[in-house]
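Here the structure is laid out as structure tokens; the discussion comes afterwards.
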Amino acid sequence: MPNIPPTAWAIGALAVLYIAVRIWATRAEDRRRAAHEERMQKLMAEREAAQLEDESAAEPPDSAIGPGSLAAVTSDKDPKPERAASPQVPQVKVRCRACKTLNDESATTCAECGAEL
Ligand SMILES: [Zn+2]
């Protein structure tokens, strides 16, 4: 039986305690992360459902974004893309031969100089 000094026992006990705390902390972190993921997924599902219900729904009011709220957590994520505006009808313009002013296609005379287009 080797003679083990008390300091070795103390160090060993501390090491075991340290490992136990680390395992406990890791598990607690895993649980916290899993809960967070669950909340995020739920929030995303709610958001998608809301968007399907009313795609023009406005963003939640700022008062709903408080410290620690899910909205605050996700506010820096990719924002909801703006609804595409109605397709732009290209404006056809006619350039006046006399003064180079652009006139509407339907115009028969130049709005600037009155010349026939
Ligand atoms: Zn003109």
Side-chain angles (χ1 to χ4, degrees):
M1 187 77 180
N3 186 20
I4 299 170
T7 50
W9 285 111
I11 290 167
L14 279 173
V16 169
L17 185 68
Y18 175 76
I19 290 164
V21 168
R22 283 298 300 269
I23 290 168
W24 175 84
T26 303
R27 285 183 179 172
E29 173 70 11
D30 284 348
R31 276 199 300 273
R32 195 195 63 78
R33 200 172 291 168
H36 178 73
E37 291 280 321
E38 197 176 311
R39 281 161 64 201
M40 295 294 282
Q41 281 176 8
K42 194 178 171 190
L43 179 79
M44 289 301 176
E46 279 174 6
R47 279 193 158 197
E48 276 172 26
Q51 281 181 14
L52 287 174
E53 221 167 79
D54 183 5
E55 291 201 16
S56 62
E59 290 286 332
D62 286 346
S63 58
I65 301 177
S69 80
L70 288 173
V73 170
T74 57
S75 60
D76 59 342
K77 293 254 178 181
D78 47 336
K80 188 167 66 178
E82 292 292 323
R83 291 272 294 151
S86 55
Q88 282 271 321
V89 177
Q91 285 276 319
V92 179
K93 294 280 188 178
V94 178
R95 190 178 293 278
C96 174
R97 276 166 291 184
C99 69
K100 313 299 184 193
T101 299
L102 286 173
N103 292 272
D104 287 336
E105 185 188 25
S106 57
T108 54
T109 56
C110 175
E112 187 68 25
C113 69
E116 201 173 317
L117 296 173

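For reference, positions follow the sequence shown, starting with 1. When a ligand or atom number is given, it counts from 1 through the structure's own listing order. Please read all numbers here as calculations on a predicted model, not as lab measurements.
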- [ ] Provide the full list of salt bridge (Lys or Arg N to Asp or Glu O under 4.0 Å) pairs with a residue in residues 14-30, sequence neighbours left out, each pair given once.
- [x]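 Residue pairs with at least one partner in residues 14-30: Glu29-Arg32, Glu29-Arg33.
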Task: Residue-atom pairs from the protein, N, O or S only, that lie under 2.8 Å from the Zn ion (ligand 1) - done: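 Within the sphere that stays under 2.8 Å of the Zn ion (ligand 1), the protein atoms of type N, O or S are Cys96 SG, Cys99 SG, Cys110 SG, Cys113 SG.
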Open item on the list: How long is the straight-line distance from CD of Glu46 back to CD of Gln51, given to the nearest 0.5 Å?
Closed with: 12.5 Å
Open item on the list: Exactly one of Ile19, Thr26, Val21 should register a side chain to side chain contact (heavy atoms under 4.5 Å, CB included) with Ile23. Which one does?
Closed with: Ile19
Would you tabulate the side-chain donor-acceptor contacts of residues 104-117 under 3.5 Å, counting partners in other chains and residues two or more places apart, or write 'none'?
from, atom 1, to, atom 2, distance (Å)
Asp104, OD1, Lys93, NZ, 3.0

Open item on the list: The criterion is side chain to side chain contact (heavy atoms under 4.5 Å, CB included); which residues satisfy it with Arg95, sequence neighbours excluded?
Closed with: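 With sequence neighbours excluded, Arg95 shows a side chain to side chain contact (heavy atoms under 4.5 Å, CB included) to Lys100, Leu102, given in chain and number order.
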